[in-house]
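Beneath this line is the structure, given in structure tokens, with notes to follow.
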Amino acid sequence: MSQATAQNIPLSFYEEKSAYPGIFAWIFSTDHKRIGLLYMFTILSFFLFGMSMGFLIRLEKMFPGGQFFQPATYNALFTIHGVVMIFLFVIPGIPAVFGNFILPIQLGAEDVAFPRLNLLSWWLLVIGALVIFLSLFTGSKLPDTGWTFYAPYNTITTANIPMAVFGAFLVGFSSILTGLNFITTVHRLRAKGMTFFRMPLFAWSIYATAWIQILATPVVGITLLLVIAERFLGVGVFNPSKSGDPLMYQHLFWIYSHPAVYIMVLPAMGIVSDIIPTFCKKPIFGYKAIAFSSMSIAFIGYLVWGHHMFTSGMADLARVVFSFLTFFVAVPTAIKIFNWTATLYKGSIELRAPMLFALSFIFLFSIGGLTGVMLGTLNLDLHLHDTSFVVAHFHYTIFGGFGFALFGGIHYWFPKMFGKMYNETRAKWAWLLLFIGFNMTYFPLFLAGLEGMPRRYYDYLPKFAPYHFWSTIGSWIMISGILFMFGNLLHGLLRGEKADDNPWGGSTLEWQVPSPPPLVNFTTPPVVNKDPYDFSDILKKRNSSPTPQDQEDKGGQ
Amino acid sequence: MEHHDNQQHLISYGTYITVWLSLLILTGLTVAVAGVHLGKYNVFIALLVAAFKSSLVLLYFMHLRYENRLFHAMFLVVLFTITVIVALTYVDTLAR
Ligand SMILES: [Cu+2]
């Protein structure tokens, strides 16, 4: 299977000498692979922090009435959980990790277009995160606005909102620079023969995402600066007592934050579009349809933000228009889901660990997406708005979508990134725990929400007690799954067996370089002369040199 | 992809000064119109003038006019997206 027999194996990027000693070789490195790994460890740490907040929220709500915290502490808990998870984990998310590590290799490039800018993006994220954490302890109380920082409360609460908001602004800047880098990389650094329609679908999704990062993020950046201006300069922008318009805050916030959902989910769809053909050994069904649906999701995503404001007092005309437009987002997403399913049809499916994550992505994201259509329906939303139905919906899209794809991507590219393999049986058990725990945690919240359980409430009526009880039990199962998964990956990283260059039989370019890749990725510049999901060479090689598994099968016949 | 040359375009001082003067005049126009009560049209005029001014800056001061077609297309995509966003916002604020 491995082809590097006689030829010289080049040094991997880990072994390459750096100008800086120790940790500085990482935090001052402009190599896209090192920056990708930096991002990975950074955002996964934030994830574990945000997860502990989520654990405490669920613990508090296990039984009706106050359990462990004061109501004010509870408000701070869900605010910090939301801010950390959204701004520090999910927004940088897949582009920062795999856009950095994998995208240039998939395109046949040596690095991203602007390596120094790339390093600056990571630093901006870290500094922004420090500012956000500092804001927690520098106000007269903990932030309690929820992750949306709604006006006019954001200008009158005594929590240190200006600082938190400035941290989010810095993180946004990091996102813009990342997007700029990837658009330039895709346009300028593709290898010879790598036309736009020979790019893997993961690259397409990162490209579409980069456009959203560049075009939408400045809107929230300016909005957050206006909040600061309102607080310190007394300008009346959002506060009605200063003749501002609080609805304008919601408009500006969601003009960014709805497209931001696609910053989170498009790259996740990209990962799934790469994993599924690899484990079906079959070209993806409807390549161009998936590529174009990424672009059209990026565009339609700009037209629907008003669906977050149906009960806000917005004009009736706008409510009808936004509800109508929202239904259109479901179309390109459905195109992708049908194409993935069609790819599975008659494929030789291998249920390896990454594939399990990809398949559960389709299942969970379909639930998240369809309940999203329910919420986008104007009359239904009047009942469901601000209930735990919304909480369940976005956890199904963001965690079930983004989260499962990220974990799937980690399991898929782990051998490439580290040159080591994790224990796959344990990975599958971890996935099962995570999958069962996830559904147990969030599905009851749909039911409670339908019956009117408000979101962000500290206490609740006795009739909601069973839902909350089982949801909390589910959160324990889910967290054990996550910890087991990370434990297994860490064990693989430290003690794992050496991984092959192409352990899954993938067809895209990253599987043709050594694991881990050398500093310049390709020792000879690659020339691309086939489609990204053309498995004919890989299947031919497999058939000509049977694996021990195959021989066993033949012996049994 | 076509070959991209790094040759610098020289723009005469005359052009720069003309652009600068038109920017000043347009700023004057914005201020003047703000004093006249035209209802909802005030905002439209302010936005139109602002869009025209930023186009001048991009085209001449930032040399977009002499750049590759691709960058023109990208700029138009941005302009189009912003127009759509502003228009949709006004579906609420004008009908409220
Ligand atoms: Cu939305």
Side-chain angles (χ1 to χ4, degrees), chain A residues 179-180 183-184 186-196 207-208 210-212 214-216 218-220 222-223 245 247-256 258-259 295 298-310 312-326, chain B residues 1-8 30-31 34-35 37-55 57-59 61-96:
Chain A
L180 189 67
I183 286 186
T184 319
V186 167
H187 275 281
R188 289 280 181 233
L189 297 186
R190 278 171 289 127
K192 205 167 177 214
M194 176 65 81
T195 59
F196 259 84
Y207 180 69
W211 274 105
I212 309 178
I214 291 188
L215 285 186
V219 180
V220 80
I222 292 162
T223 311
D245 178 5
L247 275 198
M248 194 46 78
Y249 178 85
Q250 296 192 21
H251 273 299
L252 291 170
F253 183 82
W254 290 110
I255 286 173
Y256 165 71
H258 186 85
M295 297 309 284
F299 178 69
I300 301 172
Y302 283 106
L303 312 179
V304 301
W305 77 85
H307 60 217
H308 297 269
M309 302 167 61
F310 287 157
S312 67
M314 186 169 64
D316 283 342
L317 175 67
R319 301 203 299 178
V320 174
V321 166
F322 277 120
S323 179
F324 179 71
L325 289 173
T326 296
Chain B
M1 189 168 286
E2 72 247 62
H3 181 69
H4 181 248
D5 55 334
N6 286 325
Q7 195 192 326
Q8 294 284 318
T30 310
V31 175
H37 190 75
L38 296 169
K40 54 190 174 187
Y41 297 106
N42 275 101
V43 183
F44 282 116
I45 295 171
L47 281 174
L48 267 180
V49 176
F52 193 66
K53 277 165 68 185
S54 43
S55 308
V57 172
L58 280 158
L59 288 171
F61 290 168
M62 298 175 81
H63 291 212
L64 187 65
R65 215 192 134 180
Y66 312 101
E67 282 292 350
N68 193 317
R69 270 249 189 89
L70 178 68
F71 298 127
H72 288 247
M74 285 180 165
F75 174 61
L76 288 176
V77 168
V78 176
L79 202 64
F80 178 67
T81 313
I82 293 174
T83 312
V84 169
I85 288 174
V86 173
L88 269 175
T89 311
Y90 278 96
V91 173
D92 170 31
T93 47
L94 291 183
R96 211 188 285 167

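To find a chain, count down the sequence lines: A is the first, B the second, and so on, and within it residues start at 1.
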Show the numbers, then the answer: is there a side chain to side chain contact (heavy atoms under 4.5 Å, CB included) between W305(A) and L88(B)?
CA-CA 10 Å; W305(A) 77 85; L88(B) 269 175; 3.4 Å; yes

F61(B) atom CZ, neighbour heavy-atom count above 12 within 6.0 Å:
yes

Examine whether an atom of L317(A) lies under 4.5 Å from a heavy atom of chain B, and if so say whether it belongs to the side chain, the backbone or both; otherwise answer neither.
both

Residue selection (most heavy-atom pairs with chain A, distance under 4.5 Å) from V77(B), V91(B), D92(B)
D92(B)

Test: salt bridge (charged side-chain N to carboxylate O under 4.0 Å, His left out). Region: residues 312-323 of chain A. Which pairs qualify, not counting sequence neighbours?
D316(A)-R319(A)

Taking side chain as everything from C-beta outward and backbone as N, CA, C, O, which of these in L303(A) sits under 4.5 Å from a heavy atom of chain B? Side chain, backbone, both or neither.
both

Given that the side chain runs from C-beta out, which part of L252(A) has a heavy atom under 4.5 Å from chain B: side chain, backbone, both or neither?
neither

Contacts of R65(B) that satisfy salt bridge (Lys or Arg N to Asp or Glu O under 4.0 Å) - sequence neighbours left out:
none

Separation between CZ of R96(B) and CG of D245(A), rounded to the nearest 0.5 Å:
4.5 Å

Residues 80-87 of chain B vs chain A, non-hydrogen distance cutoff under 4.5 Å, contacting residues -> F80(B), T81(B), V84(B), I85(B)

Drop me the distance from H187(A)'s NE2 to L70(B)'s CG, to the nearest 0.5 angstrom.
5.0 Å

Show me, pair by pair, the donor-acceptor contacts under 3.5 angstrom made by side chains of residues 41-50 of chain B, not counting sequence neighbours?
unit_1	atom_1	unit_2	atom_2	d
N42(B)	OD1	L38(B)	N	2.8
N42(B)	OD1	G39(B)	N	3.4
N42(B)	ND2	V33(B)	O	3.1
N42(B)	ND2	V36(B)	O	3.1

How long is the straight-line distance from OG1 of T89(B) back to CE of M248(A), given to the nearest 0.5 Å?
6.5 Å

